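Report on one structure; see the data block that follows.
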Amino acid sequence: PTATATTTGNPPPDVIRSGYAELIVTDLAASRWFYVDLLGLIVTAEDDDAIYLRAFEEYLHHSLVLRRGDMPALGRLAYRVRGQDQVDAAERYFRGIGVDTRRVPAGATRGIGEAVRITDPLGFPVEFFYDAEHTERFTQRYDLHHGNAITRLDHFNVMVPDVKAAHRYYTGLGFGVSETIIDDEDNVYAAWLYRKQTVHDVALTGGDGPRLHHIAFATAERHQILHTCDVLGALHKEHHIERGPGRHGVSNAFYLYLRDPDGHRIEIYTTDYYTGDPDNPTVEWSVDDDRRRSFWGHAVVPSWYTDGSRVHDLDGRVVPLSAPAVREAERTGVIVGADGFAIATEGDQKIPFKLGEQV
Ligand SMILES: O=S(=O)(O)c1ccc(O)c(O)c1
Ligand SMILES: [Fe+2]
């Protein structure tokens with residue numbers, strides 16, 4: 001549904017930002033090593049079934065929940081709204097566009113107050129919350145910062161078969177559009193949408209969906225991303241690095257993609273840009289521009305296009321997938337291959353040392 005306040009009379013909830021995600025993981029100890037020992041996230045609370053994590057700038061109870069389960073999946077994406085009254089607004093808005101809502105009591109998720117949950121029109125389990133337990137903000141606890149200090153959760157990236165429909169849904173929720181990847185046949189391959197004043201809180205990646213593409217955390221500086229790569233090499237755990245480090249075309253951010261022990265994709269991301277003025281222009285990239293995904297023209301490793309995490313509905317059942325009409329990685333001329341190699345051409349001459357094209 002693409003309803004907006006004008007068609008249902010109920011305005012959308014006032015979303016501030018992406019708030020937290022819950023990932024279902026099959027080995028809590030292995031995940032604890034990845035997110036705490038390697039990435040340095042802070043444990044706010046933990047029990048036999050779940051670990052509640054936050055990053056150094058965050059004072060809410062958590063921005064990531066790892067919950068033990070039988071198969072890897074996205075348990076929930078949660079957006080923080082501007083007040084508890086906006087949780088009620090979410091309930092009215094979604095009921096007004098024919099989406100079932102489920103109100104959960106404070107403590108349904110440890111550290112989070114009363115909230116409203118939906119399976120959104122794209123098939124994703126989504127929660128809208130405001131009240132949350134405050135905890136110590138470790139911004140200046142340099143005695144605890146590692147070389148790769150992660151400052152905060154930055155965004156969700158979701159795989160959807162119909163990017164245009166997803167784009168309409170999120171703009172209907174009042175999200176701005178910072179960047180898109182399009183072609184000259186009116187296909188939209190990807191879009192980046194925001195409520196906080198940076199490039200995105202959610203990004204849409206065309207592909208079989210609903211699936212989670214990644215959860216992204218931000219660091220303050222590039223050297224913290226490079227330190228994570230060096231630590232993974234030193235530990236001989238370099239297989240956790242999937243793509244990058246590098247510079248994105250879209251968003252201009254410096255990035256690294258990791259795969260956690262269950263294969264969930266985690267991006268570490270820094271230095272995108274401000275989008276807070278009302279007339280912030282949308283940047284449109286051609287799908288044929290080899291700098292869109294990597295500003296340096298690096299190909300995109302095939303798994304980055306093909307792999308994603310399945311999602312649960314509100315009762316923990318895996319949501320079935322549907323396929324898109326066209327996949328970016330299958331377009332002719334799109335560069336797909338291991339990072340650093342690509343089918344590069346100078347005019348009509350292929351540059352031999354760029355291998356690329358592994359698909
Ligand atoms: O690879 S892209 O430049 O399209 C890109 C830009 C921003 C992101 O957060 C991302 O995951 C991917
Ligand atoms: Fe991202």
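Keep in mind the model is a prediction, meaning the values are calculated, not measured. Both counts, for ligands and for their atoms, begin at 1 and track the order of listing.
Looking at Tyr257 against ligand 1, only its side chain comes within 4.0 Å, counting heavy atoms. At a 4.0 Å heavy-atom cut-off, ligand 1 does not touch His213 at all. Using a 4.0 Å cut-off between heavy atoms, Tyr255 makes no contact with ligand 1 at all. In His298, neither the side chain nor the backbone holds a heavy atom less than 4.0 Å from any atom of ligand 1.
Using a 4.0 Å cut-off between charged side-chain N and carboxylate O, Arg95 and Asp100 make no salt bridge.
Close N/O approach between Tyr269 and ligand 1 is not found [any backbone or side-chain N/O within under 3.5 Å]. Residue His200 has at least one N or O atom closer than 3.5 Å to an N or O atom of ligand 1. Between Ser294 and ligand 1, no pair of N/O atoms sits closer than 3.5 Å. Annotation: His214 places an N or O atom under 3.5 Å from an N or O atom of ligand 1; distance criterion only.
Remark: ligand 1 atoms within the under-4.0 Å shell around heavy atoms of Arg243 are 1 (O). Short contacts between ligand 1 and Glu267, defined as distances under 4.0 Å to a heavy atom of the residue, involve ligand atoms 8 (C), 9 (O), 10 (C), 11 (O).
Residues Leu53 and Leu66 share a closest heavy-atom pair of CD1-CD1, 3.7 Å.
No heavy atom of Trp285 sits closer than 4.0 Å to any atom of ligand 1.
Counted within 6.0 Å of CZ on Arg327, heavy atoms from surrounding residues, nucleotides or ligands total more than 12; the atom is thus considered enclosed. The number of heavy atoms from other shown groups lying within 6.0 Å of NE2 (His236) does not exceed 12.
Nearest protein neighbour of atom 4 (O) of ligand 1, counting heavy atoms only, is Arg293 NH1, 2.8 Å. The protein heavy atom nearest to atom 6 (C) of ligand 1 is Val250 O, 3.2 Å.
Distances from atom 1 (O) of ligand 1 to the heavy atoms of His155, His248, Arg265, Arg247 put His248 nearest.
Restricting Glu267 to its N, O or S atoms, the one at the least distance from the Fe ion (ligand 2) is OE1. When distances from the Fe ion (ligand 2) to the N, O or S atoms of His155 are compared, NE2 comes out shortest.
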Exercise. What do the steps show when you test Thr151 against Phe217 for side-chain contact (heavy atoms from CB on, under 4.5 Å), and what is the final call?
Worked result: CA-CA 7 Å; Thr151 50; Phe217 289 92; over 6 Å; no
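Between Glu267 and His155, the closest side-chain pair of non-hydrogen atoms falls below 4.5 Å.
In summary, His248 places no N/O/S atom under 2.8 Å from the Fe ion (ligand 2), failing the contact criterion. Because the distance cut-off is set at 2.8 Å, Asp154 fails to qualify as a neighbour of the Fe ion (ligand 2), as none of its N, O or S atoms comes that close.
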